[in-house]
*Asks:* 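Take this structure first; my questions come after.
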Amino acid sequence: MRPRLVDWTLYVLVAAVTLTGFGSWLIADWEGRLIFYAHAIAGLAVVVPLAWKLRRVRPRIVRTDAWDWKTPLSVLTALAAIGAVATGIFWTHAQLPTGYPNGMHLHIVCGLALVVLISLHVLMRLRLPTRRDAPGRRDALRWLGMLGFGAALLPVQEGINHAFDLPGARRRFTGSRHAASDSGNAFPITNWMFDRPAPVDVDAWRLTVRGALARELSLDYAEIASATATLRATLDCTGGWYSTQNWRGVRVGDLLEQAGLLDQARFVSFVSVTGYRWSLPIAEARGALLATHVGDEPLDHWHGAPLRLVAPGRRGFMWVKWVHEVVVLTRPDPGRWVAIFTSGLTTGH
Ligand SMILES: Nc1nc2c(c(=O)[nH]1)N[C@H]1C(S)=C(S)[C@@H](COP(=O)(O)O)O[C@H]1N2
Ligand SMILES: [Mo]
């Protein structure tokens with residue numbers, strides 16, 4: 001394949017893994033699993049043009065007297081690409097390392113570095129394809145071959161995981177590693193960006209339910225904790241772990257009924273004492289739980305005491321902790337995308 005076409009093949013595949021990679025952060029539900037397969041197929045397919053390209057540029061790289069000022073950038077780009085593929089494969093099988101940073105974090109760091117480096121590369125080295133580079137039928141077959149190679153490796157990976165009983169055999173379809181299901185508060189803690197609040201004073205705390213409702217509610221902890229609704233649901237963090245628990249608390253649908261939903265209600269926003277917030281469409285919100293307990297234990301501080309959202313089928317970052325307000329909205333709240341990055345900065349915690 002002509003060098004310029006190899007470069008373009010790499011750009012397109014990297015764009016595909018980037019989009020599916022970011023997209024996969026929104027998915028925790030089995031129905032959305034195709035995006036994870038697409039990510040894995042494109043990621044494995046990268047190996048073919050990457051090997052091609054590395055073989056071609058090797059002489060230029062090993063002879064350091066042939067370097068120009070752009071060569072270090074190319075080397076870093078190659079390292080990020082190799083790192084992203086290697087950490088992806090390693091996590092799929094070994095699910096290592098655990099702790100901080102874990103294999104998923106390393107994969108994300110390599111992936112983000114690759115996006116930045118390739119963008120620079122494109123800006124500085126981009127050569128538009130000429131008529132001579134126009135792909136022919138052979139190239140189309142090569143592309144199919146690459147994707148076929150990626151797709152064929154998926155069952156091979158599962159086969160290896162099962163044959164050797166590797167940790168990857170027990171990973172979730174999201175890639176997440178299992179962590180401490182049904183063990184009360186003993187599952188991992190993930191705080192995103194700046195949220196490190198002091199423990200919430202339960203005696204002063206109240207839950208406010210307001211917005212597109214017939215009446216506003218203000219409930220104290222005793223009123224909330226007397227609720228006995230339970231929900232078995234899996235918290236799946238984009239940081240690469242999942243845990244399934246029996247959660248106990250108050251069904252959001254019951255709160256909304258008590259407050260009397262108005263016709264124009266569309267979304268329900270869950271707001272943390274730190275300013276962190278997320279919202280769900282009304283039908284989905286009704287089935288969600290505001291939990292005071294995990295298993296038989298009251299939630300501990302770092303898991304969001306006194307009250308946290310349990311949103312089945314949603315990624316962990318949407319499971320707002322330290323909830324103090326439920327706001328019924330008549331339209332979507334794009335500001336939630338800002339709040340999850342900036343919360344905790346202005347609340348004095
Ligand atoms: N207020 C608030 N809620 C939050 C977070 C946060 O940083 N602040 N982190 C989210 C993320 S990324 C995850 S995965 C889950 C983790 O819940 P846990 O710490 O109880 O395991 O909480 C979510 N809820
Ligand atoms: Mo998370």
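Every number for a ligand or one of its atoms is a count from 1 in the order of the listing. All values reported here derive from a predicted model rather than from experimental measurement.
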*Asks:* What residues, two or more places apart in sequence or in another chain, satisfy side chain to side chain donor-acceptor pair (under 3.5 Å) together with Asp254?
*Replies:* none

*Asks:* Pair up each side-chain donor or acceptor in residues 279-287 with any protein partner under 3.5 Å, not counting sequence neighbours, and list the distances.
*Replies:*
unit_1, atom_1, unit_2, atom_2, d
Glu284, OE1, Arg314, NE, 3.4
Glu284, OE1, Arg314, NH2, 2.7
Glu284, OE2, Arg314, NE, 2.7

*Asks:* For ligand 1, would you mind listing the residues that have at least one heavy atom less than 4.0 Å away, ordered by chain and number?
*Replies:*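 Contacting ligand 1 under 4.0 Å are Phe187, Pro188, Ile189, Thr190, Asn191, Trp192, Asp195, Leu235, Cys237, Trp241, Ser272, Thr274, Tyr276, Trp302, His303, Arg308, Gly316, Phe317, Trp319, Val320, Lys321, Trp322.
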
*Asks:* Going by side chain to side chain donor-acceptor pair (under 3.5 Å), name the residues that satisfy it together with Arg248, two or more places apart in sequence or in a different chain.
*Replies:* His293

*Asks:* Side chains of Trp241 and Thr98: any donor to acceptor distance under 3.5 Å?
*Replies:*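 No.
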
*Asks:* Are side-chain N/O atoms of Asn246 and Thr230 paired as donor and acceptor at under 3.5 Å?
*Replies:* no

*Asks:* Is a side-chain donor-acceptor pair under 3.5 Å present for Arg206 with Ser218?
*Replies:* yes

